Amino acid sequence: MNTNIPYLDLKAQMRPLRAEIDAVIAHTLDNCSFCLGPDVAQFEKDFAAFCGAQHAVAMNSGTSALHVAMILAGVGPGDEVITTPYTFIATSWAISYVGAKPVYVDIEDATFNLDPKLVERAITPRTKAILPVHLYGHPCELDALLALAHKYNLPLIEDAAQAHGATYRGKSVGTFGQTACFSFYPAKNLGAAGEGGALVTNDAALAARARALREHGSTKRYHHDELGFNYRMEGLQGAVLGVKLKHLAAWAEGRRRVARRYAELLAGTPLRLPREAEGCASAWHLYTVRSDRRDALKAHLDANGIGNAVHYPMPLHLQKAYAHLGHRAGDFPHAERAAHEVLSLPMFPELTDAQIQRVATVVGEFFAK
Ligand SMILES: *Cc1c(COP(=O)(O)O)cnc(C)c1O
């Protein structure tokens with residue numbers, strides 16, 4: 001018997017959907033709606049409804065959606081955007097793409113998310129927006145961040161790339177800020193058969209401008225109102241995402257089951273386990289534990305065929321690409337400590353109870369040694 005447990009099993013997700021996905025792909029090949037088109041338009045309606053938002057604008061990636069969100073927020077050269085140093089780097093790229101400067105603020109130890117208590121002192125006359133991330137699917141502290149955004153008249157943009165369906169005080173993330181950005185990269189909670197992303201907003205004018213920006217800055221063919229991009233979603237991706245979206249709520253429930261089970265089975269270990277903050281329901285994109293013996297634990301899991309990953313080994317302020325910001329080790333101690341301690345365990349909705357128990361057994365053996 002193969003007791004190896006993958007970190008993520010996309011094939012297990014595809015198997016039961018395969019016939020339906022084959023059919024929508026064949027349909028797209030028949031009607032030749034390859035860029036945007038009716039399936040993308042329908043997916044936009046359905047995804048907006050899933051989020052409880054008015055508009056979703058489908059794009060070719062979450063990174064593109066973030067770039068467009070920065071333009072919509074009026075961020076430009078010389079401006080500053082307050083954000084987290086502990087995320088996937090695309091969050092910061094978006095700020096850099098418009099010529100602005102990412103201003104990092106350290107994270108909270110408990111949730112890995114931007115610490116609102118540290119945001120206020122980072123605000124300067126050049127600050128143009130606040131860009132927090134719902135990291136690992138756990139909502140950031142939206143009440144406190146929105147209060148600051150309101151006080152200083154700054155737009156809040158949510159990076160919800162990992163948080164499809166997460167809720168904060170009963171409301172879906174993606175509906176709190178001026179705009180929110182989602183990714184449909186295959187490994188995300190809702191994944192395309194390739195790249196994909198969406199910008200979500202309740203503002204009709206912003207949605208209309210986002211639609212123009214993703215299509216070369218035009219609303220009328222060959223008439224270009226501003227510098228635009230080719231950020232269109234492919235028709236095939238819209239068709240596939242339409243099929244998968246119908247399962248997203250059930251998958252979220254599956255992830256919750258896995259997280260609950262890990263919490264029970266790992267409670268007796270020295271690991272620091274992820275927990276939902278009050279008023280928050282995580283999308284459980286990742287199940288990320290902490291240990292000061294992380295590297296040894298990782299080696300033990302590797303040796304026993306248990307998939308795992310480090311999200312993320314290096315905070316953004318220490319990345320070579322951001323050396324020009326002049327940061328050094330010690331600037332953001334919580335982010336730096338997280339980078340040394342985090343380890344993500346297998347997390348996907350199809351994990352069986354036997355697999356979860358096996359992961360817990362292998363982890364238990366490590367600490368018993
Ligand atoms: C995946 C991700 C992105 C980028 O999304 P892509 O679709 O891969 O471009 C941005 N931010 C975060 C936090 C992500 O996890």
Side-chain angles (χ1 to χ4, degrees), residues 7-8 10 40 43 47 56-70 81-98 102 104-105 107 111-114 129-140 142 145 156-166 173-174 177 179-200 210 213-214 229-234 236-238 240-241 244-245 255 282-288 309-317 319 321-322 335 338-339 342 344 347-348:
Y7 166 68
L8 174 66
L10 287 178
V40 172
F43 171 68
F47 189 67
V57 182
M59 303 208 193
N60 62 348
S61 76
T63 306
S64 301
L66 283 161
H67 182 188
V68 168
M70 288 296 108
V81 176
I82 293 175
T83 190
T84 168
Y86 203 61
T87 173
F88 180 61
I89 200 162
T91 313
S92 270
W93 287 156
I95 299 166
S96 303
Y97 290 164
V98 296
Y104 297 123
V105 163
I107 56 171
T111 62
F112 303 101
N113 284 330
L114 190 65
I130 305 174
L131 174 57
V133 179
H134 307 300
L135 200 72
Y136 310 151
H138 190 288
C140 57
L142 284 159
L145 290 171
L156 183 95
I157 294 108
E158 299 172 67
D159 183 339
Q162 304 187 355
H164 319 64
V173 304
T179 58
C181 300
F182 289 87
S183 167
F184 307 122
Y185 180 76
K188 301 287 161 82
N189 290 25
L190 177 62
E195 307 277 352
L199 180 140
V200 166
L213 285 166
R214 78 172 166 189
F229 309 91
N230 177 359
Y231 284 171
R232 291 179 295 240
M233 177 177 275
E234 293 186 350
L236 282 167
Q237 303 307 339
V240 170
L241 287 165
K244 287 190 163 192
L245 180 58
R255 289 174 181 276
S282 177
W284 292 110
H285 174 54
L286 300 177
Y287 192 86
T288 303
V310 174
H311 302 98
Y312 298 89
M314 189 187 282
L316 304 190
H317 66 284
Q319 297 282 350
Y322 279 116
V342 294
S344 302
M347 169 51 92
F348 51 92

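None of the values given here were measured: they were computed from a predicted structure. Ligands are counted one by one from 1 in listed order, and the atoms in each one are counted from 1 as well.
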- Query: Looking at T87, which atoms of ligand 1 are within less than 4.0 Å of one of its heavy atoms?
  - Reply: 13 (C)

- Enumerate the atoms of ligand 1 whose separation from the nearest heavy atom of S61 is less than 4.0 angstrom. 7 (O), 9 (O)

- Which residue owns the protein heavy atom closest to atom 4 (C) of ligand 1, what's the atom, and how far is it? T63 OG1, 3.5 Å

- Message: Considering non-hydrogen atoms of the protein only, which is the closest contact for atom 14 (C) of ligand 1, and what is the distance?
- Response: K188 NZ, 3.1 Å

- Query: Got V68 and R214 here, is their nearest side-chain heavy-atom distance under 4.5 Å?
  - Reply: no

- Message: With the threshold set at under 4.0 angstrom, would you say H285 reaches ligand 1 through any of its heavy atoms?
- Response: no

- Message: Does the residue L135 have a heavy-atom contact with ligand 1, meaning some pair of atoms that are separated by less than 4.0 Å?
- Response: no

- State, with a plain yes or no, whether a side-chain heavy atom of V40 is found less than 4.5 Å away from one of R232. no

- Check the angle between the aromatic planes of Y312 and Y136 and answer parallel, tilted or perpendicular using the 30° and 60° thresholds. parallel

- In ligand 1, which numbered atoms sit nearer than 4.0 Å to a non-hydrogen atom of V133? 13 (C)

- Message: Is A187 close enough to touch ligand 1? Criterion: a residue heavy atom under 4.0 Å from a ligand atom.
- Response: no

- Task: Identify the heavy atoms of Q237 and A192 that sit nearest to each other, and give their distance.
- Result: OE1-CB, 3.1 Å

- Query: So, is Y312 polar-close to ligand 1, with some N/O to N/O distance under 3.5 Å?
  - Reply: no

- Message: With rounding to the nearest 0.5 angstrom, report the CG to CH2 distance, N189 to W284.
- Response: 12.0 Å

- Any idea how W93 and Y322 line up, ring-wise: parallel (<30°), tilted (30 to 60°), or perpendicular (>60°)? tilted

- Message: Regarding ligand 1, does Q162 bring an N or O atom to under 3.5 Å of one of the ligand's N or O atoms?
- Response: yes

- Task: Can you sort out which atoms of ligand 1 are near G196, meaning under 4.0 Å from one of its heavy atoms?
- Result: 7 (O)

- Which protein non-hydrogen atom lies closest to atom 7 (O) of ligand 1, naming both residue and atom, and how far is it? S183 OG, 2.6 Å

- Query: Hey, which atoms in ligand 1 end up nearer than 4.0 Å to a heavy atom of L66?
  - Reply: 10 (C)

- Message: Counting non-hydrogen protein atoms only, what is the nearest one to atom 11 (N) of ligand 1? Give residue, atom name and distance.
- Response: D159 OD2, 2.8 Å

- Message: Walk me through whether F47 and F184 qualify under ring-ring contact (aromatic ring centres under 6.0 Å, His included).
- Response: CA-CA 11 Å; F47 189 67; F184 307 122; 5.2 Å; yes

- Item | Nearest-0.5 Å distance that lies between atom CG in L286 and atom CZ in F112 | 10.0 Å

- Note on the structure: Given the options T83, L131, V133, T84, L114 meets side-chain contact (heavy atoms from CB on, under 4.5 Å) only with T84

